[in-house]
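FYI, side chains are in, hydrogens and waters are out, and symmetry mates aren't considered; it's all heavy atoms of this structure.
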Amino acid sequence: MPFRLLPHRIGLFSSISAMSSSRRASRLIRASRPELNPAETVREVKCEPGVSFDYSKSEMNSVRRKRLNRVLEVKEEHPKEVGAVPDIDDFRYVKTEARTSVSTKRVPASSNKNSSPVRLEKKIRVSSVVKVEAPENWEAVLAGIKNIRLSGQAPVDTKGCEKAGSLLPPKERRFAVLISTMMSSQTKDEVTHAAVERLGENGLLDPDAIVRTDEATLANLIKPVGFYQRKAQFIKEASRICLERFGGDIPDTLTDLLALKGVGPKMAHLVMSIAWKNTQGICVDTHVHRISNRLGWVFREGTKQKTTTPEQTRMSLEKWLPKDEWEPINPLLVGFGQTICTPLRPKCGSCGINTICPSAFKEASSPNPKQKKRGLGPT
C-alpha cells in the first residue's frame, strides 16, 4: 500500500524544515565571524551594562578600553602599599621618617597601538622608629643603676673597648677601637684588653702592619680570645679594606662597618659611638639584652613577651628610650651585669633597686648546680 501524507502532517514537516534551515544559517554566520566569543561577550556586558548587543569589532575594543580604564582608576584611587623597604639587615640600622616615592609603570590601556602609557603611583613606606609608651618607673630604675655604678669597679670601666688605644692619635685610636671591638665578641673585657696590648707591643695596631703579618702569627698574639683563628682572618681582611678604601682609617658609616666580615650590629653601633662620636643606635650585648628583659623594659613587637635576641632588644629599647641615653646605656648596663645583675644568681640582696625591679629575688634563690647535686641548698 503506497505511503501518503495527510494534509496536517505536511504542514508540520514544513515548519520543522524551516527551523532547521534557520539554525544552519545561524551556524554559518557565527562561523564566518570568529571574533564573537559568547563567553567573552557575557563578561564584557557584565562589566559594562550599557553596551549594546551589536557585536561590531570597533565596539568590542571600546568595551575592553572602558573595562581596563575602570581597573586603572581603581588602582590609582587605592595605590598598593609595599612593606618596609629592607636596608642593611632589613633597614633596621637606619632610622628615617616615612616618606613617599613615586614610580611610573607603563601599562597598555588596550590592544590599540595608538593608546598612550598610563602613569601609576606607588607609595613606599621606609622603616622608622615608632615611639611607644615607656615602661613604668623606668627613670627611677635607671637612676638607681647609675647610683650603683658610681664606684666604677666593673671590668668595662677600665678594660672596655673604649679604652683601646687611648694614648694613640685619633686615626690610630679609631683603628684600635675597631680591632678591639671585633675581638670582644664572646670574650671577657679583660681578655680582649690584654690581646689589644699585645698587638700594640708588637706594632700591630696599624692596618699596614697587620696586612704584612701572616695570619698564624696574628692568631697566636690574640689568643685566648674566643674564636681567635677566625677573628685573626677577619681582622686581616678588615685591615686590607681600611687601607684600600679608607686610606688607612676605618669606615665612618654603619653600612660600611657592617660590610666588614666579623662586624655585626652591636659592634657597628659601638664603633660609631666610640670612634666617631656618632651614636645612631643602641649597642646591645648579652648584658644589655639580659638586664633589659629582667627589668621588663623590652618586648617582642606586638606582644608582651620577652625579646629573644639582642637585635629585638635594640629595636624595642630605641622605641621609647630617649636618644641622649643611647650611648651611656651600654657601659652602664654592662658594668651592672658584670658586678650585680650577673647571668647566674644575681646579687639581688645587695642591689639598690631590688624594691622596684620586677625580677628581684626570682633567680637569686637558685642553688649552685654543684650544691644542688650534693643536696645543699642556698644558705
Side-chain angles (χ1 to χ4, degrees), residues 152-280 283 285-287 327-328 330-331 334-335 338:
Q153 298 299 315
V156 69
D157 297 326
T158 56
K159 299 180 180 179
C161 294
E162 63 272 15
K163 304 301 179 183
S166 57
L167 301 178
L168 297 175
K171 183 177 178 180
E172 287 76 7
R173 179 177 180 267
R174 287 193 291 269
F175 183 76
V177 168
L178 174 63
I179 299 306
S180 176
T181 305
M182 293 179 71
M183 292 191 294
S184 67
S185 176
Q186 300 186 44
T187 306
K188 291 183 177 181
D189 286 332
E190 303 93 314
V191 176
T192 302
H193 185 73
V196 172
E197 287 190 333
R198 286 194 297 274
L199 291 176
E201 291 168 359
N202 287 271
L204 292 177
L205 287 180
D206 174 80
D208 183 61
I210 289 180
V211 168
R212 290 186 282 103
T213 303
D214 63 276
E215 202 172 292
T217 301
L218 191 61
N220 287 330
L221 284 172
I222 67 173
K223 185 180 178 180
V225 166
F227 306 99
Y228 61 92
Q229 292 178 322
R230 194 70 176 271
K231 289 178 180 178
Q233 177 186 346
F234 291 155
I235 288 171
K236 188 166 184 177
E237 184 172 344
S239 301
R240 179 183 58 79
I241 293 174
C242 287
L243 283 173
E244 294 177 356
R245 294 186 54 196
F246 303 98
D249 209 335
I250 68 171
D252 61 355
T253 66
L254 286 172
T255 306
D256 291 329
L257 283 170
L258 287 164
L260 301 175
K261 288 184 179 179
V263 176
K266 179 201 80 171
M267 301 177 193
H269 284 297
L270 188 62
V271 171
M272 288 296 295
S273 293
I274 297 174
W276 294 109
K277 303 300 180 185
N278 182 6
T279 302
Q280 296 187 25
C283 173
D285 67 352
T286 181
H287 294 289
E327 180 180 354
N330 177 267
V334 169
Q338 290 174 337

Could you check whether any side-chain heavy atom of R212 comes within less than 4.5 Å of a side-chain heavy atom of S239, counting everything from C-beta outward?
no
Should I222 and K231 count as side-chain neighbours, where that means a heavy-atom distance under 4.5 Å?
yes
Minimal heavy-atom distance between A209 and G203, with the atoms involved, is CB-O, 3.3 Å
Determine, step by step, whether R173 and I274 satisfy the side chain to side chain contact (heavy atoms under 4.5 Å, CB included) criterion, reporting the C-alpha distance in whole Å, the side-chain angles of both residues, the deciding distance to 0.1 Å, and the verdict.
CA-CA 10 Å; R173 179 177 180 267; I274 297 174; 4.0 Å; yes
For L257 and A268 the tightest heavy-atom approach is CD1-O, 3.8 Å
Do you know which of M183, Q186, K188 makes side chain to side chain contact (heavy atoms under 4.5 Å, CB included) with V225?
M183
Check whether any side-chain N or O of Q229 sits under 3.5 Å from a backbone N or O of A219 as a donor-acceptor pair, and report yes or no.
no
Could you tell me if the side chain of P251 sits less than 4.5 Å from the side chain of C242, heavy atoms only?
yes
Heavy-atom nearest pair, R174 first then W276, reads NE-CH2, 3.3 Å
Quick check: do L178 and M267 have side-chain heavy atoms less than 4.5 Å from each other?
no
Atom of I250, atom of F175 and distance for their closest heavy-atom approach:
CG2-CA, 3.7 Å
Can D189 and K163 be counted as an ion pair, charged N to O under 4.0 angstrom?
no
Residue pair L258 / H269, side-chain heavy-atom distance below 4.5 Å:
no
For a 4.5 angstrom cut-off between non-hydrogen side-chain atoms, does I241 reach F246?
yes
Considering only heavy atoms from C-beta outward, does the side chain of V177 approach that of E162 to under 4.5 Å?
no
So for atom CZ, which belongs to R240, do other residues, nucleotides or ligands contribute more than 12 heavy atoms lying within a distance under 6.0 Å?
yes
Is a donor from one side chain sitting under 3.5 angstrom from an acceptor on the other, for T217 and N220?
no
Please test T192 against K159 for side chain to side chain contact (heavy atoms under 4.5 Å, CB included), starting from the C-alpha separation and ending with a verdict.
CA-CA 8 Å; T192 302; K159 299 180 180 179; over 6 Å; no
Checking side chain to side chain contact (heavy atoms under 4.5 Å, CB included) for the pair I179/V196: CA distance, chi angles, key distance, verdict?
CA-CA 8 Å; I179 299 306; V196 172; 5.6 Å; no
Would you say N202's side chain and L204's backbone share a donor-acceptor pair under 3.5 angstrom?
no
As an exercise, state the distance from CG of N278 to CD of E327, rounded to the nearest 0.5 Å.
10.0 Å
Between atom CG of L199 and atom OG1 of T213, what is the distance when rounded to the nearest 0.5 Å?
9.0 Å
Would S185 and F227 satisfy side chain to side chain contact (heavy atoms under 4.5 Å, CB included), going step by step from the backbone distance to the final call?
CA-CA 9 Å; S185 176; F227 306 99; over 6 Å; no
Point-to-point distance, once rounded to the nearest 0.5 Å, from CG of L270 to OG of S184
7.0 Å
Heavy atoms of E215 and A232 approach each other most closely as O-CB, 4.0 Å
How long is the gap from CD on E237 to CD1 on I210, to the nearest 0.5 Å?
13.0 Å
Taking D157 for its side chain and A154 for its backbone only, find out whether a donor-acceptor pair lies under 3.5 Å.
yes
L168 CG to D206 CG distance, which is reported to the nearest 0.5 Å:
10.0 Å
Looking only at heavy atoms, the pair that brings V156 and P331 closest together is CG1-O, 3.9 Å
Using the side-chain hydrogen bond (donor to acceptor under 3.5 Å, both in side chains) rule, take T279 and S273 through it: C-alpha gap first, then chi angles, then the decisive distance, then the call.
CA-CA 5 Å; T279 302; S273 293; 3.0 Å; yes
